[in-house]
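Lettering follows sequence order; numbering is per chain, from 1.
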Protein chains: 2
Amino acid sequence: MNKRATQADVAREAGLSVTTVSLVLNGRENTRISEEAAARVREAAERLNYSPDPTARSLRTGKTRSLAFISDDVTVTRYASAMIRGALDAAEERGYTILMAEVGEHPERLEKVVDSMLERRVDGLLFGLMSARRVDLPALPRGKRALLVNGTSAGLPSILPAEHDAGQAAVRRLLEAGHRRIAFIGRSPRVYDPYLSATIPQRYAGIDAALAAAGLRFADEVEGHEWEPELGYRGTRRLLERAASFTAILAANDRVAFGAYQALQEGGLRVPDDVAVMSFDDEQLATYLHPALTTMRLPYREMGSLGVRMLLEGEEPVPDAATLVPMPLVERESVGPPREG
Amino acid sequence: MNKRATQADVAREAGLSVTTVSLVLNGRENTRISEEAAARVREAAERLNYSPDPTARSLRTGKTRSLAFISDDVTVTRYASAMIRGALDAAEERGYTILMAEVGEHPERLEKVVDSMLERRVDGLLFGLMSARRVDLPALPRGKRALLVNGTSAGLPSILPAEHDAGQAAVRRLLEAGHRRIAFIGRSPRVYDPYLSATIPQRYAGIDAALAAAGLRFADEVEGHEWEPELGYRGTRRLLERAASFTAILAANDRVAFGAYQALQEGGLRVPDDVAVMSFDDEQLATYLHPALTTMRLPYREMGSLGVRMLLEGEEPVPDAATLVPMPLVERESVGPPREG
DNA sequence: TTGTACGCGTTATCAC
DNA sequence: GTGATAACGCGTACAA
């Protein structure tokens, strides 16, 4: 474990020049090196256990084979951190490294962090948001590739969950199970501010479209923008007190569904036989519940991996274009089986 | 936004040599530079918006001001990802960058990833584990600093949660509330394999010690190593069916406690009035419950930040030494108030 | 087909 | 006090 071998060492060992070594090891085809020389180089490299110094290479080429992943509160928030895993895996496959930074709720830190990443000469920047919304980012040098994962920002391409489809699919699943009287918990006018949410309006739109297509409206609704168990609990109690009857609850997200379960259980109602519950997100939580929750999964990991793929491959991404990633239906036990016909 | 300014540009702008520029900008005190020259340099640097190229600097110094954070499944598992945040924040404060990689359940990937980090010339390596256990790591070059966060490995220093203290504190909290007949869910002989858990034996030991110190034993126990809601649910039902009465449940972790809640609720028992519940971990889940769960927090974020501090500061860490990070008691509503006297 | 020599932007060693 | 200049390890134009 002495000093690491350098290209010059390999050249000496192989009895050739550094040029030859460099050419061979970088697989340059156009300049025809004799097969024999190439073999000698490879053997020597092997023997000396040579691996190129990325620092020196970067200095020379201007490329670092590294990407910045900058997030707001992804690591400390529930399951959104899977986005990181997706990015990490995709980067590793391509021989890239991810430099991570997280700024929390401090937009002023963002500028510093971006600068520091730029100083480190990253080849591209990913911005990952814990919840899909619009953000204002510091200006980036022209030609530096950047995009948002689970968010949008002026002038940058973005990757978002396909919420409109998911909204439709959720409602359709309920309809297929034969439900006609469905209650909805979690509608909120506030989400129409893009800085609060970039996607929830689509989720609503998909939901309403699917319902309308079946000639239906919600049997009842509870408003609320704090999508925590409390809303689900109180919302469900209110629903139960009201006159309108319903056979299924569509919850704005899993935590709301969680609260709904509590109220249903207290009320002596069984899921899914008395009331079916369908939801969005697919947190860990969804698997803890009895019966386990059927929900539309937010594809964090896929979005993260698509993020690095888009950054690294293919043509120049289109500014302001959004790429939608499907939200799969995760079938569990809180909605009865689809009915034939 | 043309090319970035270099040291030579600054030198030219200031009418001085690169040597002087380097000396001034690196704050070398010993070699006395005139105040005037220093000022000229600083102004010129400011004007050109100069910032040193870390690549070139690394090539020269052999240091990269970067740390590797390599984990198993931290990003995709519940709340352990807060460990990353802790590491990130501590690194940023010190001007270091974190290169992340995650290998999942594939030990064979570990070697490749470590190699790739070493090739990138990181100044130190952090290994972060989703759950505290012993792992076998590939050999590291002598002199390369490395340590484990939430785990142990032969020959390396490690950072672990102070489980013995936490076990004691949990029991004491219950005792203070006046409980004498306590049931425990989640004892398992399997955890004595260090490759499965490096810390749970201490948790047990602390628990048993505090109980013994009060001259008590558990009123009843349910074994189980799968610490999921199911265990808490079925365990609690079993406890309720048995003869032994109890006024409090100590659950192995929050998910088990969650299951216990469900069974208690079904049985018409109220938390904490009929049965108090105390637990370990402090997942998000703990705040969703009604009443919210009192639990001993696993200090992921603190462990992560301590990890980089130990790597970067202080003397050579002692191999095989474990540094224990306190697990705070998070007081919520599932245990009644402490009684006087 | 292969080798020499230069430059990438720093820091560090030595002169002046 | 300050300034040339030689590394650091690599890629490549140009020469041979």
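Not a single donor-acceptor pair under 3.5 Å links the side chain of A:Thr152 to the backbone N or O of A:Ser158.
Atom CG of B:Leu23 and atom P of C:dT10 are 14 Å apart (whole Å). Regarding B:Leu25, its CG atom lies at a distance of 8 Å from the P atom of C:dT11, rounded to whole Å. When rounded to the nearest whole Å, the span between NZ of A:Lys63 and C1' of D:dG11 equals 15 Å. Atom CZ of B:Arg12 and atom C1' of C:dG9 are 13 Å apart (whole Å). To the nearest angstrom, P of C:dA5 lies 17 Å from CD of A:Gln7. C:dT10 atom C1' lies 8 Å from atom CG of A:Leu59, rounded to whole Å. Atom C1' of nucleotide D:dC8 and atom CZ of B:Arg57 are separated by 15 Å, given to the nearest angstrom.
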Restricting to nitrogen or oxygen on both sides, can you table the protein-nucleotides 4-6 of chain D pairs closer than 3.5 Å?
unit_1: D:dA4; atom_1: N7; unit_2: B:Thr19; atom_2: OG1; d: 3.3
unit_1: D:dA4; atom_1: N6; unit_2: B:Thr19; atom_2: OG1; d: 2.4

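Taking 4.0 Å as the cut-off between side-chain N and carboxylate O, B:Glu46 and B:Arg42 do not count as a salt-bridged pair.
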Indicate every side-chain donor-acceptor pair of residues 96-112 of chain B with a distance under 3.5 Å to a residue at least two apart or in another chain.
unit_1: B:Thr97; atom_1: OG1; unit_2: A:Arg120; atom_2: NE; d: 2.8
unit_1: B:Thr97; atom_1: OG1; unit_2: A:Arg120; atom_2: NH2; d: 3.2
unit_1: B:Glu102; atom_1: OE1; unit_2: A:Arg85; atom_2: NH1; d: 2.6
unit_1: B:Glu102; atom_1: OE1; unit_2: B:Thr75; atom_2: N; d: 3.4
unit_1: B:Glu102; atom_1: OE1; unit_2: B:Thr75; atom_2: OG1; d: 2.3
unit_1: B:Glu102; atom_1: OE2; unit_2: B:Ser71; atom_2: OG; d: 2.6
unit_1: B:Glu102; atom_1: OE2; unit_2: B:Val74; atom_2: N; d: 2.9
unit_1: B:Glu102; atom_1: OE2; unit_2: B:Thr75; atom_2: N; d: 3.0
unit_1: B:Arg109; atom_1: NH2; unit_2: A:Glu92; atom_2: OE1; d: 2.6
unit_1: B:Arg109; atom_1: NH2; unit_2: B:Glu102; atom_2: O; d: 3.1

Exercise for review: For the pair B:Thr20 and B:Ser17, evaluate side chain to side chain donor-acceptor pair (under 3.5 Å) and give the outcome as yes or no after the intermediate values.
Suggested key: CA-CA 5 Å; B:Thr20 313; B:Ser17 78; 3.1 Å; yes
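Heavy atoms of B:Ala37 sit under 4.0 angstrom from primed sugar atoms or phosphate atoms, though from no base atom.
When each of D:dT2, D:dC10, D:dT12 is scored by its nearest atom to the side-chain atoms of A:Thr6, the top-ranked nucleotide is D:dC10.
Other residues, nucleotides and ligands contribute over 12 non-hydrogen atoms within 6.0 Å of the CD atom of B:Glu313.
For B:Thr20, no side-chain nitrogen or oxygen approaches OP1 or OP2 of D:dT2 to under 4.0 Å. At least one side-chain nitrogen or oxygen of B:Ser34 sits closer than 4.0 Å to the OP1 or OP2 atom of D:dT2.
The stretch residues 45-54 of chain A comes close to DNA chain D through A:Tyr50, A:Pro52, A:Asp53, each having a heavy atom under 4.0 Å from the strand.
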